[in-house]
Amino acid sequence: MPELPEVEVTRRGIDLPLQGARVLSVETGKPLRWPLGVPPQDLHGAGIERVERRGKYLWMQFERGRGGLLIHLGMSGSLALRRGGASPRGPHDHFEMSTTAGTLRLTDPRRFGAVVWAPSREADPARKLLARLGAEPFDSTYGAREFHAALRGRRTPIKQLLLGGEVIVGAGNIYACEALHEAGIHPATPAGRLSPARAARLLEAVRGTLQRAVELGGSTLRDFRDAHGMGGAFQAQARVYDRAGHPCPRCGGLVRRMLQAQRSTYYCARCQRR
DNA sequence: AGTTAAACCTGGTTGC
DNA sequence: TGCAACCAGGTTTAAC
């Protein structure tokens, strides 16, 4: 469900409403990927300043001295902020924070997600989890030259390098496939063998793909819901992802599925070149 | 150091 | 219908 666009759409849905709100109570369900790190009641009374994003992580900054929460949606997580009456917690609701601006609830069936407290973004455990992340795709100071330089000498297939997030964050399995298709690059191409021109084209494709997905409200491929419970519209835009056997919308070739590092990759063997 | 596999967990879909 | 196998949007950790 959540790649960068879904996380950003979620952030935009909760940031302003939660700014200035105060935590009333916190309940946890089954264990998530990492423990919260503090007793839930320690968060009571904390004022929320804002919600930021780094890669696919959200950082909820509390008022001075109260630290913050690092939130990840994993594979199947979604956040919803609801005002008014409290509906009962369901079996997959593993974190619930009641605030003066409504109740924020993390629903995550697979529990690969996490909510972790840290004294600050720059302090462990947040620092450690954010440390290896690559460039933000919407960072205008990051350019094709840096991107190409980061690929130099890497023999890893470009699709896997995009997924890894050490070079550039945000593209998960769907958007990595879509961006490579848009750039006309075969997913198995060794990253270091991309010419400067093709690397530049790929960087722009990643940016464009993610940007358009944010504007469309995120992917709705399965059951993505933003913080208001609305689905996104990116699904209709997917050109290759989950479309094996269909014709490539650009060249009419057959969209194929292959495995890379145990993840499905969808691509057109005719117009995506090594 | 770079690259790849295993691990975490539940639920929906597919195929026999 | 039942049940096993496979698949799913992520990322860390351990192992070659």
Side-chain angles (χ1 to χ4, degrees), chain A residues 1-10 28-35 53-58 70-79 90-95 106-116 124-134 150-180 187-193 206 209-210 213-214 216-226 231-235 237-245 257-266:
Chain A
M1 179 191 310
E3 300 184 32
L4 184 146
E6 291 73 37
V7 177
E8 177 61 19
V9 167
T10 299
T28 55
K30 288 184 181 175
L32 292 164
R33 178 162 195 167
W34 299 295
R53 180 189 57 74
R54 174 73 175 100
K56 299 170 192 169
Y57 288 90
L58 292 174
L70 194 66
I71 302 168
H72 199 287
L73 302 181
M75 286 276 246
S76 58
S78 61
L79 277 176
H92 303 306
D93 299 333
H94 302 303
F95 181 86
L106 172 66
T107 304
D108 183 5
R110 292 178 73 179
R111 290 191 282 129
F112 289 170
V115 182
V116 178
D124 285 339
R127 181 203 60 83
K128 194 171 190 294
L129 291 169
L130 300 175
R132 81 183 61 204
L133 299 186
L151 304 182
R152 190 176 304 150
R154 305 295 296 265
R155 275 174 281 187
T156 306
I158 185 61
K159 153 79 164 12
Q160 288 167 238
L161 206 64
L162 286 179
L163 272 189
E166 314 150 46
V167 175
I168 185 166
V169 295
N173 210 30
I174 299 174
Y175 301 114
C177 291
E178 294 299 314
L180 284 164
T189 309
R193 289 181 54 183
V206 169
T209 303
L210 295 177
V214 170
L216 288 167
S219 171
T220 199
L221 269 171
R222 288 245 188 310
D223 53 0
F224 175 69
R225 291 292 176 275
D226 67 18
F234 186 83
Q235 179 180 31
Q237 305 286 315
R239 294 168 180 266
V240 288
Y241 184 82
D242 203 23
R243 294 192 53 79
R257 170 182 181 265
M258 69 172 171
L259 281 181
Q260 289 183 289
Q262 296 142 298
R263 305 295 301 277
S264 290
T265 298
Y266 298 89

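Since the structure is predicted, the reported quantities are computational estimates derived from the model, not experimental observations.
Secondary structure note: stems in DNA chain B built from 3 or more consecutive Watson-Crick or G-U wobble pairs under 3.5 Å occupy B:2-8 with C:10-16, B:10-16 with C:2-8.
Side-chain N/O atoms of A:Arg154 and base N/O atoms of B:dT3 include no donor-acceptor pair closer than 3.5 Å.
A donor-acceptor contact shorter than 3.5 Å links the side chain of A:Arg111 to the backbone of A:Pro31. The backbone N or O of A:Tyr175 lies less than 3.5 Å from a partner atom in the side chain of A:Glu3, making a donor-acceptor pair.
Set against C:dT11, B:dG11, B:dC9, the side chain of A:His72 has C:dT11 as its closest nucleotide. In this structure, the nucleotide among C:dG10, B:dT3, C:dC7 sitting nearest to the side chain of A:Met75 is C:dG10. Checking C:dT11, C:dG10, B:dT4 against the side-chain heavy atoms of A:Glu3 singles out C:dG10 as nearest.
Within the nucleic acid shown, A:Arg111 comes within 4.0 Å of sugar-phosphate atoms alone, with no base atom in reach, counting heavy atoms only.
In the region residues 158-165 of chain A, proximity to DNA chain C at under 4.0 angstrom, judged on heavy atoms, holds for none of the residues.
Whole-Å rounding puts the A:Asn173 CG to C:dC7 C1' distance at 12 Å. A:Gln262 places its CD atom 17 Å from the P atom of C:dT12, with the value rounded to the nearest Å. Atom CG of A:Asp108 is separated from atom C1' of C:dG10 by 11 Å (rounded to the nearest Å). In this structure, NE2 of A:His92 is placed 7 Å from P of B:dG12, rounded to the nearest angstrom.
Ring-to-base geometry does not place A:Phe112 in a stacked arrangement with C:dT11 (centre distance under 5.5 Å, plane angle under 30° required).
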